[in-house]
Amino acid sequence: MDTDFIVWVQQFSNPFFDAFFVFMTTIGNPETYIIALPLVYWCINKRETFRFGLFLLISAYVNVLLKTIANVARPSGDTIRVLYEESTGGTPSFPSGHAQGAASFWGYIFYYFNNKIVRIAAVLFIIFIGLSRIYLGVHFPIDVLVGIMVGIVLLIIYNLLYESVVKRLKKLPFIVKMLLSIGVPLILLVLPGYDKGMILGFAAGMVAGYQLEIHYLQFSVKASLGKQILKYIIGISGLGILEFGGGALLSGQGFWNGLPLGLEFIKYLLIGLWAFFIGPWLFIQLGLSKKLKTGK
């Protein structure tokens, strides 16, 4: 693919732009969304966070499928400067997962908040996160443009179908919902694709955890500021323990040897369960949240 535009952008390189675009690409990392979503779920609005999170995971998995099908190599360091090699993870280039994720995340923010400042900020984040991938030399311009387009198209389709699909799924027995929550991601796990363990594992944990929360907890997100801060500290600490503890196991220790994808799925399944069920259960036990008679 043509690298002329990458070369043109990189002619403006300087230490400030280097740091700025590394920061922007870091904001677009999947881990950022995993950290942000629980905060909103625990402290602001459960139902909308689940809807938002499910969309992000669907978009991420679609990106995995498209990358697998296209299998386009990333820009070569022989013709351009690659400033952020560790972000590529050896995955294909087309379309850009960061650009699609930014269009999905900030596009949803743009859709949900009817506020001029918020919408301007959302557009700027989409632009700068996408541009960071070109500036850092890890994507071609077409990767970024198509990634943004796919994210926007998926958002439109998702918002058109979500309510009708959820209405039908609500009528299913609880046990069927739980089986679907775990079963569908497990089936998708055996299909070809890159970076799918984290996406599908977290999806299984999030959906199953949300069903368990509705069925058994129905906790209130409302609390004093002090309790909200404690909830987030405790909750994010649990996520950190699961993340870094799982990372140690993934290094190849113990009886998980030879099962990196399966372990990654289990790791993020537990992270999803913690964020959407176990954490809220603990908040109730500690008196940081109250149980509701009806879920929000």
Side-chain angles (χ1 to χ4, degrees), residues 22-23 25-54 56-57 60 86-87 89 101 105 109 181-182 185 195 197-256 260-292 295-296:
V22 166
F23 174 72
T25 215
T26 302
I27 289 178
N29 287 342
E31 294 81 4
T32 302
Y33 307 137
I34 291 177
I35 291 172
L37 283 175
L39 171 63
V40 184
Y41 181 74
W42 296 330
C43 302
I44 301 175
N45 190 303
K46 295 183 294 184
R47 184 182 300 166
E48 287 300 327
T49 304
F50 175 77
R51 176 172 177 164
F52 190 10
L54 184 60
L56 292 180
L57 291 167
E86 64 270 25
S87 71
F105 184 92
I109 298 292
S181 300
I182 306 296
D195 295 340
M198 179 178 71
I199 297 168
L200 295 173
F202 190 78
M206 185 189 78
V207 178
Y210 185 65
Q211 297 303 323
L212 287 167
E213 193 281 327
I214 292 174
H215 197 75
Y216 292 110
L217 296 183
Q218 299 182 11
F219 80 102
S220 172
V221 297
K222 296 179 180 179
S224 65
L225 178 60
K227 289 184 177 180
Q228 297 284 43
I229 294 173
L230 281 175
K231 280 161 60 176
Y232 190 66
I233 291 174
I234 293 170
I236 209 67
S237 297
L239 290 178
I241 291 170
L242 289 170
E243 170 65 27
F244 294 110
L249 289 174
L250 279 171
S251 65
Q253 302 174 12
F255 64 92
W256 295 108
L261 179 61
L263 179 57
E264 187 178 41
F265 179 89
I266 294 171
K267 169 187 170 181
Y268 284 97
L269 168 69
L270 293 174
I271 288 175
L273 282 173
W274 172 271
F276 284 80
F277 177 67
I278 301 172
W281 174 83
L282 183 60
F283 300 155
I284 292 173
Q285 305 310 308
L286 296 175
L288 301 176
S289 287
K290 296 180 180 179
K291 287 188 70 170
L292 297 172
K296 181 178 177 182

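Along the sequence shown, residues are numbered consecutively beginning with 1.
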Is the shortest heavy-atom distance from the side chain of [X] to the side chain of [Y] under 4.5 Å?
| X | Y | answer |
| --- | --- | --- |
| Ile271 | Leu239 | yes |
| Glu213 | Tyr41 | yes |
| Trp274 | Pro38 | no |

*asked:* Students often mix this up, so state it plainly: with edges at 30° and 60°, are the rings of Phe283 and Trp42 parallel, tilted or perpendicular?
replied: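 Ring orientation, 0 to 90° scale: perpendicular.
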
Restricting to non-hydrogen atoms, name the atom on [X] and the atom on [Y] that form the minimum distance, rounded to 0.1 Å.
| X | Y | answer |
| --- | --- | --- |
| Gly53 | Met206 | C-CE, 3.8 Å |
| Pro280 | Ala275 | CD-O, 3.7 Å |
| Phe276 | Tyr210 | CB-N, 4.0 Å |
| Ala203 | Leu57 | CA-CD1, 3.5 Å |

Report the distance from atom [atom1] of [X] to atom [atom2] of [Y], rounding to the nearest 0.5 Å.
| X | Y | atom1 | atom2 | result |
| --- | --- | --- | --- | --- |
| Lys46 | Leu292 | NZ | CG | 5.5 Å |
| Leu242 | Leu269 | CG | CG | 10.5 Å |
| Tyr33 | Ile27 | OH | CD1 | 9.0 Å |
| Ile214 | Phe219 | CD1 | CZ | 11.0 Å |
| Phe265 | Ile182 | CZ | CD1 | 6.0 Å |
| Tyr268 | Ile199 | OH | CD1 | 10.5 Å |

| field | Partners passing side-chain hydrogen bond (donor to acceptor under 3.5 Å, both in side chains) against Gln211 (at least two apart in sequence or in another chain) | value |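 Here no residue qualifies.
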
*Using the test side-chain contact (heavy atoms from CB on, under 4.5 Å), find all partners of Leu286 that sit at least two apart in sequence or belong to another chain.*
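Counting only residues at least two positions away or on another chain, Leu286 forms a side-chain contact (heavy atoms from CB on, under 4.5 Å) with Ile234, Leu282, Leu288.
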
Under the side-chain contact (heavy atoms from CB on, under 4.5 Å) rule, collect the residues that match up with Leu37, sequence neighbours excluded.
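If we apply the side-chain contact (heavy atoms from CB on, under 4.5 Å) test to Leu37, skipping adjacent residues, the hits are Thr49, Phe52, Leu56.
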
Checklist entry - Do Val207 and Leu54 pass the side-chain contact (heavy atoms from CB on, under 4.5 Å) test, and can you show the C-alpha distance, the side-chain angles, and the key distance before you say yes or no? => result CA-CA 8 Å; Val207 178; Leu54 184 60; 4.2 Å; yes

Is it the case that the side chain of [X] and the backbone of [Y] share a donor-acceptor pair, with hydrogens and angles ignored and the cut-off at 3.5 Å?
| X | Y | answer |
| --- | --- | --- |
| Gln228 | Cys43 | yes |
| Lys291 | Tyr216 | yes |
| Thr32 | Thr26 | yes |
| Lys227 | Gly287 | yes |

- Query: Ile236 and Ile35: side-chain contact (heavy atoms from CB on, under 4.5 Å), yes or no, with the steps?
  - Reply: CA-CA 7 Å; Ile236 209 67; Ile35 291 172; 3.8 Å; yes

